[in-house]
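Below is one structure, written out as structure tokens; comments come after it.
Given the structure is predicted, the values throughout are model-derived calculations rather than measurements.
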Amino acid sequence: IKRSQIEMLERISGYTKDQAKDYLLKTLEEPPSHVIFILATTEIHKLPSTILSRCQRFDFKRIAPEDITSRLLYVAEKENVNLTENAANLIARIADGGMRDALSLLDRCFAMGTDIDENAVSDAAGIAGTIHLFSFSEYVANGDFTSSLKLVSKLHSESCDIDSLCTELTLHFRNLMVAKTVSECEGLIVCSKDELQNLKDRAKTLKLSKILDCIEILEQTARNIKNAVNKKIQLESAVIKMCAPSPTGGSIPEGLEERI
């Protein structure tokens with residue numbers, strides 16, 4: 001039995017939700033001798049305590065990015081597909097610890113050809129790609145409103161998913177935060193050596209207070225996008241705020257000096 005067992009029983013049998021819970025509970029309490037139930041869910045908090053108390057619980061951790069990367073390269077080799085290590089790293093980062101999601105994305109990339117690089121992964125996943133992310137952070141560092149809005153429009157016209165772009169920007173500025181504050185950050189950022197060096201160089205051009213402000217703006221924008229009539233406008237508003245001089249900044253005089 002997989003996730004949404006209770007909803008499934010309710011839909012199939014016509015039982016109410018409470019009746020479906022009772023039915024599942026009775027089945028767990030008095031199972032046939034030859035049956036073993038395995039309940040798998042990513043929303044454990046939705047299961048009633050009466051059901052949880054009758055199960056042995058095993059919590060699975062997210063798979064390490066390097067393990068996902070290694071497996072993807074192995075699968076690509078067996079399928080006679082040329083998958084670059086940077087592309088595999090990007091898939092691992094997007095999958096966020098889920099091997100199934102990583103393999104699903106790799107399968108979409110297979111449909112695009114036998115030579116898969118970062119651009120192919122970005123196209124398959126509907127994200128901006130590292131080049132555009134670094135362009136965004138450059139425009140933020142320079143306070144370039146025009147270029148940032150043009151880049152949003154360009155990516156939107158190329159069918160880049162706005163939700164994914166917001167998530168990627170948030171992760172990019174998170175990586176800048178880590179690169180700015182941690183001297184040996186290799187184990188905390190999933191990327192190639194070249195990209196890591198670029199992150200460190202870009203982090204030097206931004207104040208920590210500015211990076212933190214951008215993360216806060218993007219987090220709020222991600223929440224707003226879910227209920228927005230026009231997602232593009234929400235992201236445009238976010239990049240304008242990010243490019244504007246920060247009203248905060250560690251100290252009031254520093255923030256005021258930036259704004260002046």
Practice item. Mind running side-chain contact (heavy atoms from CB on, under 4.5 Å) on Gln197 and Asp201 for me, showing each step along the way? Key: CA-CA 6 Å; Gln197 186 58 52; Asp201 293 340; 3.1 Å; yes
Practice item. Decide side-chain contact (heavy atoms from CB on, under 4.5 Å) for Leu155 and Leu151; before the verdict, give the C-alpha distance in whole Å, the side-chain angles of both, and the deciding distance to 0.1 Å. Key: CA-CA 6 Å; Leu155 294 173; Leu151 184 53; 4.2 Å; yes
Exercise for review: For the pair Leu235 and Leu165, evaluate side-chain contact (heavy atoms from CB on, under 4.5 Å) and give the outcome as yes or no after the intermediate values.
Suggested key: CA-CA 9 Å; Leu235 188 58; Leu165 177 55; 3.3 Å; yes
Point to revise | side-chain hydrogen bond (donor to acceptor under 3.5 Å, both in side chains) between Asn224 and Gln220, intermediate numbers included | key: CA-CA 6 Å; Asn224 295 341; Gln220 183 59 51; 3.0 Å; yes
**Study point:** Derivation of the side-chain contact (heavy atoms from CB on, under 4.5 Å) call for Met242 and Leu218
**Key:** CA-CA 9 Å; Met242 291 162 63; Leu218 289 167; 3.8 Å; yes
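Put simply, the side chain of Arg174 reaches to within 4.5 Å of the side chain of Ile189, judged on heavy atoms. The shortest side-chain heavy-atom distance between Leu199 and Val178 does not fall under the 4.5 Å cut-off. No side-chain heavy atom of Ile94 sits less than 4.5 Å from a side-chain heavy atom of Ile91. Counting only heavy atoms from C-beta outward, the side chains of Phe173 and Leu212 never approach each other to under 4.5 Å. Counting only heavy atoms from C-beta outward, the side chains of Asp144 and Cys243 never approach each other to under 4.5 Å. For the pair Lys232 and Ser153, the minimum side-chain heavy-atom distance is below 4.5 Å. Within the 4.5 Å cutoff, no side-chain heavy atoms of Ser237 are placed close to those of Thr221. Residues Thr41 and Lys46 are not in side-chain contact: their nearest non-hydrogen atoms beyond the backbone lie 4.5 Å or more apart.
Counting all heavy atoms, side chain and backbone alike, Ala92 lies closest to Thr69 at CB-OG1, 3.6 Å. Between Phe110 and Ala76 the shortest heavy-atom distance is CZ-CA, 4.2 Å. In plain terms, the two heavy atoms of Ser137 and Arg202 that are nearest each other are OG-NH1, 2.8 Å. The two residues Leu28 and Cys55 have their closest heavy-atom pair at CD1-SG, 4.4 Å.
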Side-chain donor-acceptor contacts of residues 77-84 below 3.5 Å, not counting sequence neighbours, with atom names and distances?
unit_1	atom_1	unit_2	atom_2	d
Asn82	ND2	Asp115	OD1	3.4
Thr84	OG1	Ala87	N	3.1

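Here the CG-CG distance, from Leu188 to Leu196, works out to 10.0 Å after rounding to the nearest 0.5 Å. In this structure, the separation between CG on Asn119 and CG on Asn86 is 11.0 Å, given to the nearest 0.5 Å. Atom CG of Asp117 sits about 10.0 Å away from atom CG of Leu90, to the nearest 0.5 Å. To the nearest 0.5 angstrom, Leu72 atom CG is 11.5 Å from Glu85 atom CD. With rounding to the nearest 0.5 Å, the separation of CG in Asp161 from NE2 in His156 is 9.5 Å.
Judged purely by atom type and a 3.5 angstrom limit, Lys231 has no side-chain atom pairing as donor or acceptor with the backbone of Ile162. With Ser53 contributing its side chain and Ser49 its backbone, the two residues share a donor-acceptor pair below 3.5 Å. Under the 3.5 Å distance criterion, the side-chain polar atoms of Lys180 are matched with a main-chain donor or acceptor of Leu206.
Applying the side-chain hydrogen bond (donor to acceptor under 3.5 Å, both in side chains) rule to Arg108 yields no partners; only residues at least two apart in sequence or on another chain are considered. Remark: Asp59 engages Arg57 in a side-chain hydrogen bond (donor to acceptor under 3.5 Å, both in side chains) (not counting sequence neighbours).
Following chains of ILVMFWY side-chain contacts shorter than 4.5 Å, one cannot reach Met177 starting from Leu171, and the two form parts of different hydrophobic clusters. When hydrophobic clusters are built by joining Ile, Leu, Val, Met, Phe, Trp and Tyr residues whose side-chain heavy atoms come closer than 4.5 Å, directly or via intermediates, Phe60 is not grouped with Ile68. In this structure, Ile233 is not a member of the same hydrophobic cluster as Ile240, with clusters built from ILVMFWY side-chain heavy atoms closer than 4.5 Å.
The pair Lys200-Glu184 does not meet the salt-bridge criterion, since no charged nitrogen lies less than 4.0 angstrom from a carboxylate oxygen. Electrostatic pairing of Glu195 and Arg93 counts as a salt bridge here, judged by a charged N lying under 4.0 Å from a carboxylate O.
With a 6.0 Å radius and a threshold of 12 heavy atoms from other residues, nucleotides or ligands, Glu216 has its CD atom at or below the threshold.
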